[in-house]
Asks: 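Right, I'll just put the structure down here and ask away after.
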Protein chains: 2
Amino acid sequence: MDKEYEILDSFIRFRGLRHTPQREMILRVFLSVEGHLSVEELHALAKKHDRSIGYTTVYRTMKLLSESGLADKVEFGDGIPRYEHKYNHRHHDHFVCVKCGKCFEVAHAGIEKLQETLARERDFTPLWHTMQVFGLCKDCRGIEIKLQ
Amino acid sequence: MDKEYEILDSFIRFRGLRHTPQREMILRVFLSVEGHLSVEELHALAKKHDRSIGYTTVYRTMKLLSESGLADKVEFGDGIPRYEHKYNHRHHDHFVCVKCGKCFEVAHAGIEKLQETLARERDFTPLWHTMQVFGLCKDCRGIEIKLQ
DNA sequence: ATCATTATTGAAAAACGTTTTCAATATAAC
DNA sequence: GTTATATTGAAAACGTTTTTCAATAATGAT
Ligand SMILES: [Mn+2]
Ligand SMILES: [Mn+2]
Ligand SMILES: [Zn+2]
Ligand SMILES: [Zn+2]
């Protein structure tokens, strides 16, 4: 249940860092929301628990969560990186609607396998990948057609 | 041969813009290098032809080249967007070595088709996509193994 | 519990790539 | 040539992220 806190704690100890209430709180806030959140959004949420929490601390902590494997930073091409849960969440790609910004998560073993094959053919060792499909969701495509 | 200049010219006329030596020179510089170049690199090259060319003009012109379909902006996760040729270059994905930065271009119809299928299943109209595989190239994997 | 060591914090400043502003200039149409 | 206005380059502004720094807090040893 609280496996994520254990992971952060052992990562902190392993690196000779220190456990702080700020770090624990930011992890709690991060875990409380399923989705893709910017540092600004995370800081706003964190402030509800500790009005004096600093923007810098959120930046630093999210970097820590990434390094410990709890969070993943994703970029959807609008210049605002967002974080999503990584622990107990399998890898997936993103379909982003360029009209409304909605984001669909897609996991497909075939694509992963194909990437492995292409990499192997080029004597390239894949470590991770990102794939984003930009387009129009059902709702926004309708609007698009009406407008034209 | 000079189809690219025609494309830019008609795009400029279509939008009620003006033909300038700066725009023509930046296009020339851009076309002269096959690869992925940052605005900084393009500006440095442009300066060899016109010492007084402004950074801002390169930014503005590369945006124009993108809009006219001559250039494509790509991001490899290091925070530095780069531009590559788009005209007469078919779509491809990127395999980026995280050690040396080398970038391999991979075009594969199967992946494109798979993406189409996944999109259709979700009632999503794909417009474009980006796929990047990060990992170690042949040379850098060797070093990695030796170091461990 | 006290102490010493040093990691962490939050505010401010700096850094970074990019965009906006603006006055001077260049382009294109008449 | 005249006019209208798009373009230019420098500087300033911008938005996000990182760095700096003095105060504070966490940890381990005594
Ligand atoms: Mn996701
Ligand atoms: Mn390419
Ligand atoms: Zn939509
Ligand atoms: Zn390499």
Side-chain angles (χ1 to χ4, degrees), chain A residues 5 8-30 36-68 71-83, chain B residues 5 8-30 36-68 71-83:
Chain A
Y5 295 89
L8 181 59
D9 260 20
S10 30
F11 184 77
I12 279 174
R13 247 170 318 195
F14 173 72
R15 287 248 292 236
L17 307 178
R18 289 172 186 178
H19 180 99
T20 69
Q22 287 95 333
R23 283 173 174 162
E24 191 177 321
M25 184 268 280
I26 291 169
L27 173 57
R28 179 150 45 93
V29 164
F30 171 65
H36 308 96
L37 276 81
S38 65
V39 171
E40 191 174 356
E41 289 166 332
L42 286 164
H43 180 238
L45 290 174
K47 266 196 153 173
K48 294 187 180 174
H49 294 81
D50 173 0
R51 294 158 120 302
S52 69
I53 190 81
Y55 218 91
T56 318
T57 302
V58 179
Y59 266 102
R60 290 191 277 229
T61 303
M62 291 317 296
K63 194 177 173 187
L64 210 63
L65 297 190
S66 289
E67 289 166 348
S68 67
D72 226 358
K73 200 185 197 175
V74 294
E75 301 237 27
F76 294 156
D78 64 352
I80 300 166
R82 285 160 232 267
Y83 287 94
Chain B
Y5 296 88
L8 181 59
D9 261 21
S10 31
F11 184 77
I12 279 175
R13 247 170 316 197
F14 173 72
R15 287 248 291 235
L17 308 178
R18 289 173 186 178
H19 179 98
T20 69
Q22 287 95 334
R23 283 175 176 163
E24 191 176 321
M25 184 270 280
I26 291 169
L27 174 56
R28 181 151 43 93
V29 164
F30 171 65
H36 308 95
L37 276 81
S38 65
V39 171
E40 191 174 356
E41 290 165 333
L42 287 164
H43 181 238
L45 291 173
K47 266 198 154 172
K48 295 187 179 174
H49 295 81
D50 174 0
R51 291 158 121 303
S52 69
I53 191 80
Y55 217 93
T56 318
T57 303
V58 180
Y59 266 104
R60 288 190 278 227
T61 303
M62 291 316 297
K63 195 177 174 186
L64 210 61
L65 296 190
S66 289
E67 288 167 347
S68 66
D72 226 358
K73 198 183 198 177
V74 294
E75 300 236 28
F76 294 156
D78 63 354
I80 301 166
R82 285 160 232 266
Y83 286 95

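Order of the sequence lines sets the chain letters (A, B, ...), proteins ahead of strands, with each chain counted from 1. Every value quoted in this text rests on a predicted model; they were computed, and no experiment measured them.
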Asks: What is the distance from atom NE2 of H43(A) to atom CG of L37(A), rounded to the nearest 0.5 Å?
Replies: 14.0 Å
Asks: In this structure, how many angstroms lie between the P atom of dT17(D) and the OH atom of Y59(A), rounded?
Replies: 3 Å
Asks: Can you tell me how far CD of E40(B) sits from CZ of R82(B), rounded to the nearest 0.5 angstrom?
Replies: 10.5 Å
Asks: Sequence neighbours excluded, which residues qualify as salt bridge (Lys or Arg N to Asp or Glu O under 4.0 Å) partners of D50(A)?
Replies: none
Asks: Cut-off 3.5 Å, no hydrogens considered: what does the side-chain donor-acceptor table look like for residues 58-67 of chain B, sequence neighbours left out?
Replies:
from   : atom 1 : to     : atom 2 : distance (Å)
T61(B) : OG1    : T57(B) : O      : 2.7
S66(B) : OG     : M62(B) : O      : 3.2
E67(B) : OE1    : R15(B) : NH2    : 2.8

Asks: Among residues 9-27 of chain A, which residues get a heavy atom nearer than 4.0 Å to DNA chain D?
Replies: R18(A), H19(A), P21(A)
Asks: Looking at G79(A) and P81(A), what are the two nearest heavy atoms and their distance?
Replies: O-CD, 3.5 Å
Asks: Angle, rounded to 10°, between the helical axes spanning five pairs at each terminus of the helix from dA1(C)-dT30(D) to dC30(C)-dG1(D)?
Replies: 30°
Asks: To the nearest 0.5 Å, tell me how far S68(B) OG sits from L27(B) CG.
Replies: 8.0 Å
Asks: As an exercise, state the distance from OH of Y55(B) to NZ of K47(B), rounded to the nearest 0.5 Å.
Replies: 10.0 Å
Asks: Looking at A46(B) and M25(B), what are the two nearest heavy atoms and their distance?
Replies: O-CE, 3.5 Å
Asks: With distance as the sole test, does R13(B) use its side chain to make a donor-acceptor pair with the main-chain N or O of H19(B) at under 3.5 Å?
Replies: no
Asks: Just how far is it from atom CD1 of I53(A) to atom CD of Q22(A), taken to the nearest 0.5 Å?
Replies: 5.0 Å
Asks: Identify the 5'-most and 3'-most nucleotides of DNA chain C with at least one atom closer than 4.0 Å to a non-hydrogen atom of chain B.
Replies: dG17(C) to dA28(C)
Asks: Applying side-chain contact (heavy atoms from CB on, under 4.5 Å) to F30(A) and L45(A), what does each step give before you reach the verdict?
Replies: CA-CA 9 Å; F30(A) 171 65; L45(A) 290 174; over 6 Å; no
Asks: When you measure from every atom of DNA chain C, which of residues 43-57 of chain B have a heavy atom less than 4.0 Å away?
Replies: T56(B)
Asks: Starting from the C-alpha separation in whole Å, work towards a yes-or-no answer on side-chain contact (heavy atoms from CB on, under 4.5 Å) for L17(B) and R23(B).
Replies: CA-CA 11 Å; L17(B) 308 178; R23(B) 283 175 176 163; 4.0 Å; yes
Asks: For M62(A) and dT18(D), give me the distance from atom CE to atom P, rounded to whole Å.
Replies: 13 Å
Asks: CD1 of I80(B) to CD of E41(B): how many Å apart, nearest 0.5 Å?
Replies: 8.0 Å
